[in-house]
There are 2 protein chains.
Amino acid sequence: MRLVIARCSVDYSGRLAAHLPPANRLLMVKADGCVAVHADGGAYKPLMWMTAPNRLVEREGSWVVTNPKGETLTIAVEEILSDTSWPLGADPGLEKDGVEAHLQALLAANCERIAAGLRLVRREYPTDVGPVDLLCRAPDGTTLAVEIKRRGEIDGVEQLSRYLDFLNRDPMLRPVRGVFVAQQVRPQARVLAADRGIRWLEVDYDELRGIESSEQRLF
Amino acid sequence: MRLVIARCSVDYSGRLAAHLPPANRLLMVKADGCVAVHADGGAYKPLMWMTAPNRLVEREGSWVVTNPKGETLTIAVEEILSDTSWPLGADPGLEKDGVEAHLQALLAANCERIAAGLRLVRREYPTDVGPVDLLCRAPDGTTLAVEIKRRGEIDGVEQLSRYLDFLNRDPMLRPVRGVFVAQQVRPQARVLAADRGIRWLEVDYDELRGIESSEQRLF
DNA sequence: GTGTATATCTCGGGG
DNA sequence: CCCCGAGGTATACAC
């Protein structure tokens, strides 16, 4: 990890063109070669960057970073205030809990939470346009396709619509209905779901996790 | 901009829960208060972070960052290898060229480029499922909904299809036809557009900009 | 490699 | 403030 504090101006040319006038900034060069130019504000996103793999050519007063796609990051270094390097070593890595995969697992184990009497047929049921999160059977014998999101937006409804199109071509499954499940379903997603005849449902992650742990306590 | 190189373990609790075992990392604290924990790899994204506004409480061997939403970032600092601060000042900011907004502005001002005699009714015309980029009137009185992308992919065609569905329910507008405009329209998007009765069109950004600047030269 | 789906997405604009 | 769409999205994973 190399950290350079410098007065510089920066230009990017590639998927778009962008320019930064001269100012003091942090230049971060990581062990994998990626370069980032940070200002003293603005969340974690750098003003400009170049991801690995790339090639950094450092000449007097000018760094040029190029990648195989032909994109170029040019840093005109006017004055270096500090230039330090720290070998950090490989990171042991991140452990996460509470992402969509976990929500899916909880709902798969408790799918009667989606509708009474629902039985799980399969998780990640494959179709030609991607896997359906949950495929379930209702007590009346009809099939339900369930799409799960943390935040239910319009894209998710489109995704479920595509699955339903393809599932309903299978005479063995037809008719298949859709349910859109999320911790929060946005207004436009509700409108589109209603319009497509898709039911939507908001679920509470903590409550689901609570059920799960109380059930485990029984065994 | 404060840069701390330290051996630390980190925990985040909020939208999800996450944990980092002890290792040497960079802790970056920006002037606006945002905190980021970087490893020596993995593009520009930090392993963990907390955006502004937040509150950083630094006690011996432990930093606790909390935000108004009740999220918490806890950094257990085991050993500090370096701790430096650099006042960078406000950044003059980024100038971008070639984003969708420019393309939309150029086409709004030159919509006869989309079809002869076209007249702009409104940019960002609202529907229940989102705003249409351009709504135009053709010489024959019919309405055109225009969706603009830098890269025309299948989801852009889906987006325009949704708008057309809803616009065509309005007796005052009906019938509304669609035009999908992009610098590059991908093969799959062409097929889908054709299937939906949507016309597609590739435009050259530099050429449009050229028209614009030559028009400006006239005044 | 291409395509698809996720993300503590971030960021900016509009109501 | 929330909602929504764009992004040089990045990133992981399946085919």
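So you know, we letter chains A, B, ... as the sequences are listed, proteins then strands, and number each from 1. Remember, it's a predicted structure, so these values are computed and weren't measured experimentally.
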- Query: For the pair made of CG in A/Leu47 and P in D/dT9, what is the distance, rounded to whole Å?
  - Reply: 17 Å

- Message: Without decimals, in angstroms, what is the distance between A/Leu94 CG and C/dT6 C1'?
- Response: 15 Å

- Rounded P spacing from D/dG8 to D/dC4 in Å: 22 Å

- Could you verify whether a donor N or O on one side chain and an acceptor N or O on the other, from B/Arg177 and B/Thr143, lie under 3.5 Å apart? no

- Between B/Leu103 (CG) and D/dG8 (P), how many Å, whole number? 14 Å

- Item | Pairs where residues 189-212 of chain A contributes a residue and the test ring-ring contact (aromatic ring centres under 6.0 Å, His included) is met, not counting sequence neighbours | A/His102-A/Tyr205

- When you measure from the side chain of A/Tyr163 to the backbone N and O of A/Pro131, does any donor-acceptor pair fall under 3.5 Å? yes

- Hey, can you pull the residues of residues 22-38 of chain B with a non-hydrogen atom under 4.0 angstrom from DNA chain C? none

- Check every strand shown and say whether B/Met50 touches a base, only sugar-phosphate, or nothing at a heavy-atom separation below 4.0 Å. nothing

- Task: Decide yes or no for B/Ile198 and B/Leu160: does some side-chain heavy atom of the first lie under 4.5 Å from some side-chain heavy atom of the second?
- Result: yes

Anything under 3.5 Å between a protein N or O and an N or O of nucleotides 13-15 of chain D, put it in a table, one pair a line.
none

- Between the side chains of A/Ser161 and A/Arg196, does any donor sit under 3.5 Å from an acceptor? yes

- Message: Without decimals, in angstroms, what is the distance between A/Met48 CE and D/dG7 P?
- Response: 16 Å

- Going by atom types only, do B/Lys149 and B/Gln183 share a side-chain donor-acceptor pair under 3.5 Å? no

- Sub-4.5 Å side-chain heavy-atom contact between B/Leu134 and B/Leu120: yes

- Message: Does either side chain, that of A/Glu71 or that of A/Tyr12, offer a donor lying less than 3.5 Å from an acceptor on the other one?
- Response: yes

- Item | Residue pairs, two or more places apart or on separate chains, that pass ring-ring contact (aromatic ring centres under 6.0 Å, His included) and touch residues 14-57 of chain A | A/Tyr44-B/Trp49, A/Trp49-B/Tyr44

- Message: Any side-chain to backbone donor/acceptor pair from B/Asn110 onto B/Leu107? Under 3.5 Å, distance only.
- Response: no

- Among B/Thr74, B/Thr72, B/Val35, which one satisfies side-chain contact (heavy atoms from CB on, under 4.5 Å) with B/Val65? B/Val35

- Task: Begin from the C-alpha positions of B/Arg25 and A/Asp91 and carry the test salt bridge (Lys or Arg N to Asp or Glu O under 4.0 Å) through to its verdict.
- Result: CA-CA 8 Å; B/Arg25 303 189 175 95; A/Asp91 202 278; 2.6 Å; yes

- Note on the structure: Smallest heavy-atom separation, B/Gly41 atom then A/Asp32 atom, equals CA-OD2, 3.4 Å

- Whole-Å distance separating the CG atom of B/Asn67 from the P atom of D/dC1: 12 Å

Quick test: give all pairs of protein nitrogen or oxygen and nucleotides 2-6 of chain D nitrogen or oxygen below 3.5 Å, distance rounded to 0.1 Å.
| residue | atom | partner | partner atom | Å |
| --- | --- | --- | --- | --- |
| D/dC3 | OP2 | A/Arg186 | NH1 | 2.8 |
| D/dC4 | OP1 | A/Gln188 | N | 3.1 |
| D/dC4 | O3' | A/Gln188 | OE1 | 3.4 |
| D/dG5 | OP1 | A/Gln188 | OE1 | 3.2 |
| D/dA6 | OP1 | B/Glu100 | OE1 | 3.4 |
| D/dA6 | OP1 | B/Lys149 | NZ | 2.9 |
| D/dA6 | OP2 | B/Lys149 | NZ | 3.2 |

- Task: Could you check how far NZ of A/Lys69 sits from P of D/dG8, rounded to whole Å?
- Result: 13 Å

- Short side-chain donor-acceptor distance under 3.5 Å, B/Glu124 and B/Gln104: yes

- Rounded interatomic separation in angstrom, taking CG from A/Asp91 and P from D/dT11: 14 Å

- How does protein reach along nucleotides 10-15 of chain C, written 5' to 3' as B (base within reach of a heavy atom under 4.0 Å), S (only sugar-phosphate), or - (no contact)? SS----

- With rounding to whole Å, what would you report as the distance between C/dT4 and C/dT8 at their P atoms? 22 Å

- Task: Mind calculating the distance between CG (A/Leu160) and C1' (C/dT6) to the nearest angstrom?
- Result: 17 Å

- Interatomic distance at C1', D/dA6 relative to C/dA7, whole Å: 15 Å

